[in-house]
Amino acid sequence: LTIALLGSLGEAYRLTGEYELAIKILDDSLNQEINNRSYQLSLLKSRANSYLSLAKYNENRKNVAEKLSNKSQEMITRLQTNIETYYSQT
């Protein structure tokens, strides 16, 4: 019963975006002796899904950071151009 509860808790954390905590809980539950093959497979599946969700989350964060960096660079370039234009006219 404890293993099933830990598995459910791990899955709940995964679904709320707490991937690292989900993985820790699922790892803890997998370190216990599991006599039920169905529970073990369910825990492994949840653990794999947690790692997959974490990878997707990190990839999305990377993409957003790159887009923000590109936008910032564009804004700096425009600002420099505007400043140069202003001073060249005065």
Side-chain angles (χ1 to χ4, degrees):
L1 184 61
T2 302
I3 293 170
L5 291 174
L6 286 173
S8 295
L9 182 60
E11 186 64 12
Y13 277 119
R14 181 185 75 83
L15 292 173
T16 60
E18 297 288 336
Y19 309 120
E20 291 170 354
L21 185 55
I23 291 166
K24 182 188 179 321
I25 290 171
L26 293 165
D27 282 347
D28 289 347
S29 62
L30 283 165
N31 286 331
Q32 297 181 28
E33 184 175 333
I34 303 171
N35 296 324
N36 186 319
R37 198 68 150 169
S38 178
Y39 282 154
Q40 188 176 29
L41 290 173
S42 179
L43 290 169
L44 289 169
K45 180 181 170 189
S46 289
R47 186 172 177 257
N49 285 334
S50 295
Y51 274 109
L52 182 60
S53 296
L54 180 60
K56 287 179 182 178
Y57 173 76
N58 286 335
E59 182 65 25
N60 286 337
R61 285 183 62 193
K62 179 183 168 191
N63 289 338
V64 167
E66 287 174 0
K67 287 178 183 177
L68 287 174
S69 177
N70 290 341
K71 278 289 189 196
S72 295
Q73 188 58 47
E74 288 173 20
M75 290 175 69
I76 290 168
T77 302
R78 273 193 246 133
L79 182 58
Q80 287 172 334
T81 302
N82 289 342
I83 291 170
E84 289 170 3
T85 301
Y86 173 80
Y87 282 110
S88 70
Q89 293 174 355
T90 58

Rounded to the nearest 0.5 Å, how far apart are CD1 of Ile3 and CD of Gln40?
9.0 Å
Test side chain to side chain donor-acceptor pair (under 3.5 Å) applied to Ser42 - qualifying residues, sequence neighbours left out
none
Worked check of side chain to side chain contact (heavy atoms under 4.5 Å, CB included) between Lys45 and Leu43
CA-CA 5 Å; Lys45 180 181 170 189; Leu43 290 169; over 6 Å; no
Do the side chains of Leu79 and Ile76 join up, straight or via other hydrophobic residues, at under 4.5 Å, putting them in one cluster?
no
From Arg14 atom CZ to Ser53 atom OG, the distance as rounded to the nearest 0.5 Å:
4.5 Å
List the atom pairs, donor and acceptor, that lie under 3.5 Å between side-chain atoms in residues 18-30 and the rest of the protein, sequence neighbours left out.
from  : atom 1 : to    : atom 2 : distance (Å)
Lys24 : NZ     : Asp28 : OD2    : 3.0
Asp27 : OD1    : Arg47 : NE     : 2.4
Asp27 : OD1    : Arg47 : NH2    : 3.4
Ser29 : OG     : Ile25 : O      : 3.4
Ser29 : OG     : Leu26 : O      : 2.7

To the nearest 0.5 Å, tell me how far Tyr39 OH sits from Leu6 CG.
12.0 Å
Side-chain contact, heavy-atom cut-off 4.5 Å: Leu15 with Glu11?
yes
For a 4.5 angstrom cut-off between non-hydrogen side-chain atoms, does Tyr86 reach Asn82?
no
Give the table of side-chain donor-acceptor pairs shorter than 3.5 Å for residues 56-66, with sequence neighbours excluded, one pair per line with atom names and distance.
from  : atom 1 : to    : atom 2 : distance (Å)
Asn58 : ND2    : Leu54 : O      : 3.4
Asn60 : ND2    : Lys56 : O      : 3.4
Asn63 : ND2    : Glu59 : O      : 3.4

So CD of Glu74 and OG of Ser72: to nearest 0.5 Å the spacing works out to 9.0 Å
